[in-house]
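Before any comments, here is the structure.
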Amino acid sequence: MFQGLLQHPTLLAYRKQYEMLPTRDRLALKVLALALSLVVLYFAAWQPAFQYKKNAEINLAEKQKLLELVESNRNILASLNAKNGANSAKSNLDSQQLVSAVTNLAKQKGVVLKRFEPSGERKLKVWVDDASFDKVMIWLSTLNKKLNVKVEQISVEKDDAVGQVSARLTLST
(Lines give C-alpha, C1' and ligand atoms only; values in the text may rest on other atoms or scores of the structure.)
Protein backbone atom coordinates (compact mmCIF):
# COMPACT_ATOMS: atom_id res chain seq x y z
CA MET A 1 0.00 0.00 0.00
CA PHE A 2 2.75 2.41 0.96
CA GLN A 3 4.64 1.51 -2.22
CA GLY A 4 1.53 2.25 -4.28
CA LEU A 5 1.24 5.62 -2.59
CA LEU A 6 4.85 6.44 -3.48
CA GLN A 7 4.08 5.70 -7.15
CA HIS A 8 1.10 8.06 -7.26
CA PRO A 9 1.49 10.52 -10.18
CA THR A 10 0.91 13.66 -8.10
CA LEU A 11 3.44 12.55 -5.51
CA LEU A 12 5.95 11.70 -8.23
CA ALA A 13 5.54 15.18 -9.72
CA TYR A 14 6.18 16.81 -6.33
CA ARG A 15 9.23 14.61 -5.77
CA LYS A 16 10.62 15.51 -9.19
CA GLN A 17 10.08 19.21 -8.41
CA TYR A 18 11.82 18.76 -5.03
CA GLU A 19 14.84 17.10 -6.64
CA MET A 20 15.16 20.01 -9.09
CA LEU A 21 15.49 22.50 -6.19
CA PRO A 22 18.97 23.77 -5.20
CA THR A 23 20.59 22.09 -2.18
CA ARG A 24 19.99 25.08 0.14
CA ASP A 25 16.30 25.20 -0.76
CA ARG A 26 15.94 21.48 -0.10
CA LEU A 27 17.61 21.92 3.28
CA ALA A 28 15.31 24.87 4.09
CA LEU A 29 12.28 22.79 3.06
CA LYS A 30 13.43 19.91 5.31
CA VAL A 31 13.88 22.30 8.25
CA LEU A 32 10.44 23.81 7.58
CA ALA A 33 8.87 20.34 7.41
CA LEU A 34 10.57 19.38 10.67
CA ALA A 35 9.38 22.60 12.36
CA LEU A 36 5.85 22.09 11.05
CA SER A 37 5.91 18.48 12.31
CA LEU A 38 6.99 19.66 15.76
CA VAL A 39 4.22 22.29 15.86
CA VAL A 40 1.62 19.69 14.85
CA LEU A 41 3.00 17.24 17.43
CA TYR A 42 2.85 19.91 20.14
CA PHE A 43 -0.73 21.04 19.41
CA ALA A 44 -2.08 17.56 18.60
CA ALA A 45 -0.48 15.56 21.40
CA TRP A 46 1.65 17.38 23.95
CA GLN A 47 -0.53 20.39 24.73
CA PRO A 48 -3.83 18.40 25.16
CA ALA A 49 -2.04 15.82 27.32
CA PHE A 50 -0.48 18.55 29.45
CA GLN A 51 -3.85 20.30 29.83
CA TYR A 52 -5.52 17.02 30.77
CA LYS A 53 -2.85 16.41 33.42
CA LYS A 54 -3.26 19.94 34.78
CA ASN A 55 -7.07 19.58 34.98
CA ALA A 56 -6.70 16.18 36.66
CA GLU A 57 -4.37 17.67 39.28
CA ILE A 58 -6.84 20.50 39.97
CA ASN A 59 -9.69 17.98 40.21
CA LEU A 60 -7.64 15.83 42.59
CA ALA A 61 -6.88 18.82 44.81
CA GLU A 62 -10.58 19.72 44.96
CA LYS A 63 -11.53 16.13 45.82
CA GLN A 64 -8.86 16.03 48.53
CA LYS A 65 -10.21 19.25 50.06
CA LEU A 66 -13.71 17.77 50.02
CA LEU A 67 -12.43 14.58 51.64
CA GLU A 68 -10.68 16.60 54.34
CA LEU A 69 -13.90 18.55 54.96
CA VAL A 70 -15.94 15.34 55.21
CA GLU A 71 -13.34 13.73 57.48
CA SER A 72 -13.24 16.77 59.76
CA ASN A 73 -17.07 16.84 59.99
CA ARG A 74 -17.62 13.09 60.20
CA ASN A 75 -19.23 13.24 63.67
CA ILE A 76 -21.60 16.02 62.65
CA LEU A 77 -22.60 14.13 59.49
CA ALA A 78 -23.17 10.93 61.47
CA SER A 79 -25.43 12.72 63.95
CA LEU A 80 -27.39 14.34 61.10
CA ASN A 81 -27.84 10.95 59.40
CA ALA A 82 -29.04 9.43 62.66
CA LYS A 83 -31.47 12.32 63.13
CA ASN A 84 -32.79 11.98 59.56
CA GLY A 85 -33.18 8.25 60.08
CA ALA A 86 -35.26 8.90 63.18
CA ASN A 87 -37.42 11.43 61.31
CA SER A 88 -38.04 9.06 58.43
CA ALA A 89 -38.93 6.29 60.85
CA LYS A 90 -41.34 8.74 62.52
CA SER A 91 -43.26 9.24 59.29
CA ASN A 92 -43.96 6.13 57.29
CA LEU A 93 -47.29 7.23 55.91
CA ASP A 94 -48.79 5.21 53.10
CA SER A 95 -50.60 6.97 50.24
CA GLN A 96 -54.00 7.05 51.97
CA GLN A 97 -52.57 8.35 55.23
CA LEU A 98 -50.56 10.95 53.33
CA VAL A 99 -53.68 12.22 51.52
CA SER A 100 -55.58 12.41 54.78
CA ALA A 101 -52.78 14.16 56.69
CA VAL A 102 -52.07 16.67 53.89
CA THR A 103 -55.73 17.61 53.38
CA ASN A 104 -56.46 17.89 57.13
CA LEU A 105 -53.43 20.08 57.72
CA ALA A 106 -54.32 22.21 54.69
CA LYS A 107 -57.78 22.86 56.18
CA GLN A 108 -56.23 23.74 59.54
CA LYS A 109 -53.84 26.24 57.91
CA GLY A 110 -56.51 27.78 55.65
CA VAL A 111 -55.15 26.43 52.36
CA VAL A 112 -57.79 25.25 49.91
CA LEU A 113 -56.62 22.35 47.75
CA LYS A 114 -58.08 22.48 44.26
CA ARG A 115 -57.06 18.95 43.40
CA PHE A 116 -54.82 16.15 44.70
CA GLU A 117 -53.93 12.68 43.54
CA PRO A 118 -51.62 9.93 44.77
CA SER A 119 -48.57 9.57 42.56
CA GLY A 120 -46.76 6.33 43.16
CA GLU A 121 -45.81 4.98 46.55
CA ARG A 122 -45.76 7.61 49.30
CA LYS A 123 -46.13 10.54 46.90
CA LEU A 124 -48.93 13.00 46.36
CA LYS A 125 -49.49 15.60 43.65
CA VAL A 126 -51.32 18.70 44.90
CA TRP A 127 -52.81 21.71 43.06
CA VAL A 128 -53.46 24.94 44.94
CA ASP A 129 -55.09 27.97 43.27
CA ASP A 130 -55.62 31.52 44.54
CA ALA A 131 -54.03 30.86 47.93
CA SER A 132 -52.11 33.16 50.24
CA PHE A 133 -48.40 32.65 49.73
CA ASP A 134 -47.76 32.94 53.47
CA LYS A 135 -50.40 30.31 54.30
CA VAL A 136 -48.98 27.90 51.71
CA MET A 137 -45.46 28.31 53.13
CA ILE A 138 -46.68 27.80 56.71
CA TRP A 139 -48.62 24.71 55.59
CA LEU A 140 -45.57 23.23 53.85
CA SER A 141 -43.32 24.00 56.81
CA THR A 142 -45.75 22.34 59.21
CA LEU A 143 -46.02 19.28 56.94
CA ASN A 144 -42.27 18.95 57.01
CA LYS A 145 -41.83 19.51 60.75
CA LYS A 146 -44.73 17.42 62.03
CA LEU A 147 -44.96 14.63 59.44
CA ASN A 148 -41.57 14.75 57.70
CA VAL A 149 -43.33 15.34 54.38
CA LYS A 150 -40.94 16.77 51.83
CA VAL A 151 -41.59 18.86 48.74
CA GLU A 152 -40.00 16.99 45.84
CA GLN A 153 -41.16 19.34 43.12
CA ILE A 154 -42.88 22.71 43.17
CA SER A 155 -44.08 25.24 40.64
CA VAL A 156 -45.42 28.53 41.99
CA GLU A 157 -47.06 31.23 39.88
CA LYS A 158 -48.06 34.69 41.05
CA ASP A 159 -51.75 35.52 40.73
CA ASP A 160 -53.20 38.93 39.90
CA ALA A 161 -54.10 39.65 43.53
CA VAL A 162 -51.26 40.75 45.81
CA GLY A 163 -49.84 37.91 47.90
CA GLN A 164 -51.89 35.26 46.09
CA VAL A 165 -50.29 32.31 44.26
CA SER A 166 -51.14 29.15 42.41
CA ALA A 167 -48.91 26.16 43.05
CA ARG A 168 -48.36 22.64 41.74
CA LEU A 169 -46.54 20.39 44.19
CA THR A 170 -45.29 16.85 44.51
CA LEU A 171 -45.06 15.80 48.15
CA SER A 172 -43.45 12.66 49.51
CA THR A 173 -42.64 10.94 52.80
Side-chain angles (χ1 to χ4, degrees), residues 1-92 95 98 115-129 133 136-137 140-141 143-145 148-160 164-173:
M1 179 179 143
F2 188 69
Q3 195 67 347
L5 185 62
L6 289 176
Q7 300 303 322
H8 193 274
T10 306
L11 197 55
L12 288 174
Y14 284 134
R15 187 173 180 176
K16 189 174 184 181
Q17 222 175 3
Y18 171 77
E19 289 172 356
M20 290 175 40
L21 290 175
T23 306
R24 284 184 77 156
D25 289 350
R26 278 192 262 170
L27 180 62
L29 197 55
K30 286 180 183 177
V31 170
L32 181 64
L34 178 64
L36 185 62
S37 298
L38 290 175
V39 167
V40 167
L41 180 65
Y42 173 77
F43 283 108
W46 177 260
Q47 198 254 351
F50 182 75
Q51 189 64 39
Y52 178 80
K53 179 183 177 268
K54 188 175 164 184
N55 290 344
E57 288 171 348
I58 291 169
N59 192 17
L60 175 64
E62 289 173 355
K63 299 290 187 204
Q64 285 175 334
K65 285 180 185 177
L66 180 61
L67 178 62
E68 288 172 9
L69 178 67
V70 169
E71 291 289 333
S72 67
N73 293 313
R74 181 183 299 229
N75 294 336
I76 296 169
L77 292 171
S79 67
L80 286 174
N81 283 339
K83 183 179 175 183
N84 284 342
N87 283 345
S88 64
K90 175 178 83 174
S91 175
N92 282 330
S95 292
L98 180 62
R115 181 175 152 202
F116 54 88
E117 64 182 47
S119 174
E121 195 172 310
R122 297 185 179 161
K123 289 186 182 180
L124 180 67
K125 288 186 179 182
V126 180
W127 287 259
V128 178
D129 284 338
F133 177 78
V136 171
M137 290 301 110
L140 292 175
S141 176
L143 278 172
N144 184 263
K145 287 177 185 171
N148 198 30
V149 174
K150 295 174 184 66
V151 178
E152 279 193 4
Q153 200 173 33
I154 186 169
S155 172
V156 180
E157 295 177 8
K158 177 179 82 159
D159 286 343
D160 293 334
Q164 297 292 311
V165 295
S166 293
R168 310 292 174 260
L169 307 108
T170 302
L171 306 173
S172 69
T173 58

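FYI, side chains are in, hydrogens and waters are out, and symmetry mates aren't considered; it's all heavy atoms of this structure. The structure displayed is predicted, hence computed values, not measured ones.
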- Item | Partner set under side chain to side chain contact (heavy atoms under 4.5 Å, CB included) for Y18, not counting sequence neighbours |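 Once residues adjacent in sequence are excluded, the partners of Y18 under the side chain to side chain contact (heavy atoms under 4.5 Å, CB included) criterion are L21, R26, L29, K30.
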
Heavy-atom side-chain contact between [X] and [Y] under 4.5 Å:
| X | Y | answer |
| --- | --- | --- |
| T170 | V151 | no |
| N144 | V149 | no |
| L169 | L140 | yes |
| E117 | W127 | yes |

Roughly how far apart are [X] [atom1] and [Y] [atom2], rounded to 0.5 Å?
| X | Y | atom1 | atom2 | result |
| --- | --- | --- | --- | --- |
| L41 | L34 | CG | CG | 10.5 Å |
| E157 | R168 | CD | CZ | 6.5 Å |
| R15 | H8 | CZ | NE2 | 15.0 Å |
| E152 | R122 | CD | CZ | 12.5 Å |
| K150 | L171 | NZ | CG | 11.5 Å |

Give the table of side-chain donor-acceptor pairs shorter than 3.5 Å for residues 60-69, with sequence neighbours excluded, one pair per line with atom names and distance.
none

- Query: Which pairs with one or both residues in residues 31-52 pass side-chain hydrogen bond (donor to acceptor under 3.5 Å, both in side chains), sequence neighbours excluded?
  - Reply: Q51-N55

- Looking at L124 and P118, what are the two nearest heavy atoms and their distance?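 Smallest interatomic distance, heavy atoms only, reads CD1-N, 3.7 Å.
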
